[in-house]
Enquirer: 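One structure, as structure tokens, below. Some questions next.
Order of the sequence lines sets the chain letters (A, B, ...), proteins ahead of strands, with each chain counted from 1. These figures come from a predicted structure and were not determined experimentally.
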Number of protein chains: 2
Amino acid sequence: MFSVPTRTQYGIRALVHLARAGEAADPAIADLATSAAIAKAESISPKYLEGIMTQLKSKGIVIAERGKGGGYRLARDASAIRMIDIVEALEGEVRPVDCVENSDCCVQGNACMPRKFWIGLKGAIDDYLASKTLKDVIEA
Amino acid sequence: MFSVPTRTQYGIRALVHLARAGEAADPAIADLATSAAIAKAESISPKYLEGIMTQLKSKGIVIAERGKGGGYRLARDASAIRMIDIVEALEGEVRPVDCVENSDCCVQGNACMPRKFWIGLKGAIDDYLASKTLKDVIEA
DNA sequence: CTATATTCCTACTATCTCGATAGGAATACG
DNA sequence: CGTATTCCTATCGAGATAGTAGGAATATAG
Ligand code: FES
Ligand code: FES
């Protein structure tokens, strides 16, 4: 139950890899890593990770440098990247049931009691994800 | 993300239905409902709900009375049924990633930092689900 | 200008899960 | 006996997921 797709798991492991690379003293040197290098280090399918990194780039989590000598780096400091930003970038908003927004998924409509329960669950998940940053994770 | 299967949504709605039926003064009368009646009231596929109710029975959440005049009732008071009991009965334990138990899903092994993050998420979800009972939900 | 290393884009496929359906066997009641 | 109900097993279609394939665009180095 509530299993997280490999897409998200891989994305987070890749970002952890980048964040640890950026921990070094001189931030201008070691914080650039190619998708292929991360894939090898983390034993992830290279082509699959490529697509994940592109998506993280399009959402502003990482910055890509193309061409020879290129690679990826974090778009901002690890302490400024919340885990919920990553999860939403890769899988969209947390939504246990469709009726989080529109209350027409069952006959009860707006008075539906299960709906309030699910919205509460979304709140609990969101709170946890928003309370942790990438930096918290690499320092755990 | 984190979408809950209809199986679980339907199961909870059916139990809410049963719990409300049992709210009446005399508990021996109104708290028995057939799977077909619940399905009709909640606009759920009857045959599908049948299987869900059977599962809830096998997990001890409800009690079934077979044969003519039969139906389902809650196995215990609504205040003694936690939402986590229902979720686990229908979908198994909350497990965001496989490595919640065995830490061999990535090369980091036991020192894996993302793993601790996911275990924390499991804790947040479990805490919420364990803090709510069926009675809380019908009184929301 | 050329060779190379990299990101980026599009399409495809195999496998699995989910939601639902079908048919009927077992059981209980009157 | 007839009927209403739970219970069991099998099946099916749609969609998501995980991964693959091939190559276009872009930047660097020599
Ligand atoms: S509105 Fe979604 S379960 Fe009732
Ligand atoms: S052990 Fe599961 S992600 Fe590392």
Enquirer: Measure from CD on B:Gln9 to C1' on C:dC18 and round the result to the nearest Å.
Expert: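 Whole-Å distance recorded here is 12 Å.
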
Enquirer: Give a yes/no on whether any side-chain N or O of B:Thr6 is located under 4.0 angstrom from OP1 or OP2 of C:dC18.
Expert: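 No, because none of the side-chain N or O atoms of B:Thr6 sits under 4.0 Å from OP1 or OP2 of C:dC18.
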
Enquirer: Using heavy atoms to find the nearest nucleotide of DNA chain D for B:Lys57 and A:Arg7 separately, return the residue whose nucleotide is more 5′.
Expert: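 Closest to the 5' end, via its nearest nucleotide, is B:Lys57.
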
Enquirer: Scan residues 127-140 of chain A for pairs that pass salt bridge (charged side-chain N to carboxylate O under 4.0 Å, His left out), counting only residues two or more places apart or in two chains.
Expert: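 Matches after skipping sequence neighbours: none remain.
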
Enquirer: Using a 4.0 Å cut-off on heavy atoms, which residues in residues 35-55 of chain A reach DNA chain D? List them by number, or say none.
Expert: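 Contacting residues: A:Ser45, A:Lys47, A:Tyr48.
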
Enquirer: With the threshold set at under 4.0 Å for non-hydrogen atoms, list the residues of residues 85-97 of chain B touching DNA chain C in residue-number order.
Expert: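 Residues of residues 85-97 of chain B that come under 4.0 Å of DNA chain C do not exist, since none gets that close.
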
Enquirer: What pairs of residues pass the salt bridge (charged side-chain N to carboxylate O under 4.0 Å, His left out) test when at least one of them lies in residues 59-68 of chain B, not counting sequence neighbours?
Expert: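 Residue pairs with at least one partner in residues 59-68 of chain B: B:Glu65-B:Arg73.
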
Enquirer: Could you tell me the separation between the CG atom of A:Leu32 and the P atom of D:dT28, rounded to a whole number of Å?
Expert: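 Roughly 11 Å, once rounded to whole Å.
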
Enquirer: Which residues pass the side chain to side chain donor-acceptor pair (under 3.5 Å) test with B:Lys122, not counting sequence neighbours?
Expert: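 Listed in chain order: B:Glu93, B:Asp126.
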
Enquirer: Rounded at 0.5 Å granularity, tell me how far CG in B:Leu90 sits from CG in B:Leu56.
Expert: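 Answer rounded to 0.5 Å: 4.5 Å.
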
Enquirer: Who are the salt bridge (charged side-chain N to carboxylate O under 4.0 Å, His left out) partners of B:Arg76, not counting sequence neighbours?
Expert: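 Partners of B:Arg76 under the salt bridge (charged side-chain N to carboxylate O under 4.0 Å, His left out) test: B:Asp85.
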
Enquirer: Got a sec? Which of residues 62-72 of chain A come in under 4.0 Å of DNA chain D, heavy atoms?
Expert: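 Heavy-atom contacts with DNA chain D come from A:Arg66, A:Gly67, A:Lys68.
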
Enquirer: Between B:Leu18 (CG) and D:dT6 (P), how many Å, whole number?
Expert: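 So the two atoms are 11 Å apart, to the nearest Å.
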
Enquirer: Side-chain N or O of A:Thr34 less than 4.0 angstrom from OP1 or OP2 on C:dT6?
Expert: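 Looking at the OP1 and OP2 atoms of C:dT6, neither is under 4.0 Å from any side-chain N or O of A:Thr34.
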
Enquirer: Quick one: closest heavy-atom pair of A:Val16 and B:Pro114, and the distance?
Expert: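 Between these two residues, the closest heavy atoms are CG2-CG, 4.1 Å.
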
Enquirer: Under 3.5 Å, which donor-acceptor pairs link side chains of residues 35-52 of chain A to any protein atom two or more places apart or in another chain?
Expert:
residue	atom	partner	partner atom	Å
A:Glu42	OE1	A:Arg13	NE	3.2
A:Glu42	OE2	B:Gln108	NE2	3.4

Enquirer: Got a sec, which pairs hit ring-ring contact (aromatic ring centres under 6.0 Å, His included) with one end in residues 60-93 of chain A, sequence neighbours left out?
Expert: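 Checked against ring-ring contact (aromatic ring centres under 6.0 Å, His included) - neighbours excluded - no pair reaches residues 60-93 of chain A.
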
Enquirer: Quickly work out the A:Leu56 CG to C:dC8 P distance and round it to whole Å.
Expert: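 So the CG-P distance, A:Leu56 to C:dC8, works out to 11 Å.
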
Enquirer: For B:Glu88, enumerate each residue passing the side chain to side chain donor-acceptor pair (under 3.5 Å) test, keeping only those at least two apart in sequence or located in another chain.
Expert: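 Scan of B:Glu88 (side chain to side chain donor-acceptor pair (under 3.5 Å), adjacent residues dropped) gives none.
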
Enquirer: Counting N and O atoms only, with roles assigned by atom type, does the side chain of B:Arg20 sit under 3.5 Å from a partner on the main chain of B:Ile138, one being a donor and the other an acceptor?
Expert: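 No, B:Arg20 side chain to B:Ile138 backbone: no donor-acceptor pair under 3.5 Å.
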
Enquirer: Is there side-chain contact between A:Ile125 and B:Ile125, with heavy atoms separated by less than 4.5 Å?
Expert: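 A:Ile125 reaches B:Ile125 side chain to side chain.
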
Enquirer: Can you name the side chain to side chain donor-acceptor pair (under 3.5 Å) partners of A:Thr8, sequence neighbours left out?
Expert: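 Testing A:Thr8 for side chain to side chain donor-acceptor pair (under 3.5 Å), a comparison that skips the adjacent residues, returns A:Glu91.
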
Enquirer: Do the two ring centres, one from A:Tyr128 and one from B:Tyr128, sit under 6.0 Å apart?
Expert: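 That pair fails the under 6.0 Å test.
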
Enquirer: Tabulate protein N/O versus nucleotide N/O from nucleotides 11-14 of chain D, keeping only pairs under 3.5 Å, one per line.
Expert:
none

